Amino acid sequence: HQGSIAMTINIIGAGMAGLLAGNMLARHKPEIYEAQESLPNNHSAVLRFGTEKVSEVLGIPFRKVKMIKTYLPWRNRVADCLAYSMKCTGIARSDRSIISDVFSADRWIAPDDLVFQMATRVRPIIFGEAASSELFKDQKISTNNPIISTIPMPALMKLLDYPNQPEFKYVSGKNLRAKIQCCDAFVSMYIPDPDYPFNRISITGDELIAEYSGKGSEDVHPKFDLGAIAEILGIPARQFSEPKVKDQTYSKIAPIDDGERKRFLAWATDNFNIYSLGRFATWRPGLMLDDLVHDIRLIERWATADKYNIRMHR
C-alpha cells in the first residue's frame with residue numbers, strides 16, 4: 001500500500017474484531033469507539049485459532065497444541081445430528097458440527113491477556129460512546145473517513161433505517177466456566193442428548209467452558225451441571241473450581257439470504273462509507289477469527305483506493 005493517501009479510520013467496537021483491525025491498521029491512526037465504559041471481553045465461548053495468522057500479524061506468540069474433538073453418542077448419528085442442531089438453534093438441520101468418531105488437529109492458543117495486549121497498542125479508546133443514528137447521520141463520526149463497524153448486522157440495519165429489513169434468526173445462550181486442577185488439555189465434545197441442557201463441553205488448558213443455547217440456557221444449574229460434566233469427562237468433581245456463568249447474546253446465528261446480506265453490506269459502504277467486519281457484523285455463521293486477517297486487508301485496500309476496485313470485487 002505504499003503511496004496510498006493518509007487517512008483516519010474510525011472503528012466501532014473494541015471487541016476482538018475491532019481491536020485486531022486497530023492493530024493491523026495502526027498506520028492509519030484509527031479512532032476506536034466502544035459503547036461500554038471499560039474494555040470489553042465479549043468472547044466467553046471457546047477461543048482457539050486454526051492458524052498462526054493472528055499471532056503473526058500481531059507479533060504475539062500463541063501456543064501450538066493438538067486438539068481433539070468428538071461427541072457423546074445418544075441414539076444414532078442421524079438422530080444425534082438433528083438433536084444437536086435442535087439444541088443449538090431450535091431447528092433440526094443436517095449441517096451442524098456433529099462429527100464421526102474423533103477428530104484431531106493443530107490449534108493455536110492466545111495468551112489470556114490477548115485483548116489487553118491488543119488494546120495497549122492502539123490509540124486511547126473512546127469509551128462510553130454507544131453506536132446511534134446520530135453517530136453516523138449527524139457526522140459525529142465523519143463519513144469522509146472510512147468506518148469499520150463490528151455492530152451486529154440487525155442492529156446496524158435499524159440504526160441506518162435500511163429498507164426491507166429481513167428476519168434474523170438467532171438464539172441467545174450462556175457459557176459456564178470453571179478452572180480444573182492438574183489439567184492441561186485441549187478438547188471439545190458435542191452433546192446431542194436433550195436431557196443435558198449444555199450442548200458443548202470444551203477444555204482449553206485448565207479451563208472448562210460449557211455452552212448452552214436456546215431453551216437449554218433457560219435451565220442452567222451451575223453446580224448440578226458441573227457434576228454431570230465432571231462425570232462425562234471422567235474428572236473428579238473436586239478438581240473443578242466454583243463455576244461462573246455469563247450471558248451470550250448471539251450464541252448461535254442462522255444464515256440469511258446471501259444476496260440480501262451482500263446488498264446491505266454494499267449499501268452501507270456506498271451510503272455511509274461503512275465496512276462491516278466480523279461474524280455478526282457480516283452475519284456469516286461460519287466465520288472464524290483467523291478469517292478476519294484477510295477481511296481487514298481487503299477493507300484497507302478498498303478504503304485507500306477508488307470505488308472501482310470495490311465494484312470489481314462485487
Side-chain angles (χ1 to χ4, degrees), residues 1-36 39-40 42 53-54 57-58 115 118-119 121-162 260-284 287 289-314:
H1 300 291
Q2 292 183 357
S4 60
I5 299 173
M7 63 178 178
T8 297
I9 292 179
N10 298 300
I11 299 174
I12 311 300
M16 292 286 296
L19 289 175
L20 181 59
N23 277 258
M24 289 182 61
L25 304 177
R27 72 189 190 90
H28 297 295
K29 300 180 174 58
E31 297 276 7
I32 302 179
Y33 296 79
E34 170 54 46
Q36 298 187 43
L39 190 66
N42 299 326
K53 291 178 183 177
V54 175
V57 298
L58 292 175
V115 170
M118 289 196 292
R121 298 176 174 203
V122 297
R123 299 173 72 179
I125 298 168
I126 303 168
F127 290 107
E129 188 65 78
S132 64
S133 57
E134 290 75 19
L135 196 65
F136 300 117
K137 294 179 181 178
D138 295 347
Q139 296 192 350
K140 193 170 185 179
I141 292 180
S142 174
T143 54
N144 291 328
N145 294 321
I147 299 168
I148 295 177
S149 169
T150 64
I151 302 170
M153 185 178 286
L156 186 61
M157 281 188 176
K158 291 179 180 178
L159 285 176
L160 301 181
D161 294 327
Y162 181 67
E260 185 62 52
R261 185 184 69 83
K262 291 178 178 177
R263 279 191 292 274
F264 170 71
L265 295 175
W267 180 88
T269 299
D270 293 343
N271 289 277
F272 295 94
N273 210 8
I274 293 173
Y275 299 84
S276 292
L277 176 70
R279 175 182 295 183
F280 306 118
T282 60
W283 212 257
R284 292 151 69 192
L287 188 73
L289 284 168
D290 307 78
D291 301 324
L292 298 186
V293 173
H294 174 260
D295 290 352
I296 292 166
R297 286 172 174 158
L298 274 180
I299 289 172
E300 182 182 25
R301 186 188 310 163
W302 294 335
T304 56
D306 58 48
K307 300 301 182 185
Y308 175 77
N309 288 310
I310 301 177
R311 291 195 299 270
M312 287 296 293
H313 183 85
R314 291 174 186 167

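Keep in mind it's a predicted model, so treat the numbers as computed, not measured. Reckoned from all heavy atoms, side chains included, excluding hydrogens, waters and symmetry mates.
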* What is the minimum heavy-atom distance between S276 and L156, and which atoms define it? -> OG-CD2, 3.9 Å
* Minimal non-hydrogen separation, G18 against I32, with atom names -> O-CD1, 4.2 Å
* **Shortest non-hydrogen separation from L19 to L39 and the atoms involved** => CD1-CD1, 4.2 Å
* Measure the spacing between CD of E34 and CD1 of I12 and express it to the nearest 0.5 Å. => 10.0 Å
* **For A268, side chain to side chain contact (heavy atoms under 4.5 Å, CB included) partners two or more places apart** => L160, F264, I274
* At their closest point, which heavy atom of A303 faces which heavy atom of Y275, and how far apart are they? -> CA-OH, 3.8 Å
* To do: Please list, chain by chain and in numerical order, all residues satisfying salt bridge (charged side-chain N to carboxylate O under 4.0 Å, His left out) with R123, sequence neighbours excluded.
  => E31
* Closest approach of T8 to N145 (non-hydrogen atoms, all atoms of both residues) -> O-CB, 3.0 Å
* To do: Return yes if some donor-acceptor pair links the side-chain N/O of T282 with the main-chain N/O of L277 below 3.5 Å, else return no.
  => no
* Structure fact -> Nearest heavy-atom contact between I125 and V122 is CG1-CG2, 4.2 Å
* **Side-chain heavy-atom pair E300, M24 within 4.5 angstrom cut-off** => no
* Asked: If you round to the nearest 0.5 Å, how far is CD1 of I296 from CG of L20?
  -> 4.0 Å
* P154 side chain reached by F280 side chain, heavy atoms, under 4.5 Å -> no
* Asked: What distance do D161 atom CG and L159 atom CG have between them, rounded to the nearest 0.5 Å?
  -> 8.5 Å
* Asked: Got R297 and V57 here, is their nearest side-chain heavy-atom distance under 4.5 Å?
  -> yes
* To do: For D295, enumerate each residue passing the salt bridge (charged side-chain N to carboxylate O under 4.0 Å, His left out) test, keeping only those at least two apart in sequence or located in another chain.
  => R284
* To do: Please round to the nearest 0.5 Å and tell me the distance separating atom CZ of F272 and atom CD1 of I147.
  => 9.0 Å
* To do: Report yes if the side chains of L265 and M153 come closer than 4.5 Å at any heavy-atom pair, otherwise no.
  => yes
* Looking at CG of L292 and CG of L298, how far apart are the two atoms once the value is rounded to the nearest 0.5 Å? -> 11.5 Å
* Asked: Does N23 reach the main-chain N or O of L58 with its side chain, forming a donor-acceptor pair under 3.5 Å?
  -> no
* **Close side-chain approach of R263 and Y162, heavy atoms under 4.5 Å** => yes
* Out of curiosity, L25 CG to I148 CD1, how far, rounded to the nearest 0.5 Å? -> 5.0 Å
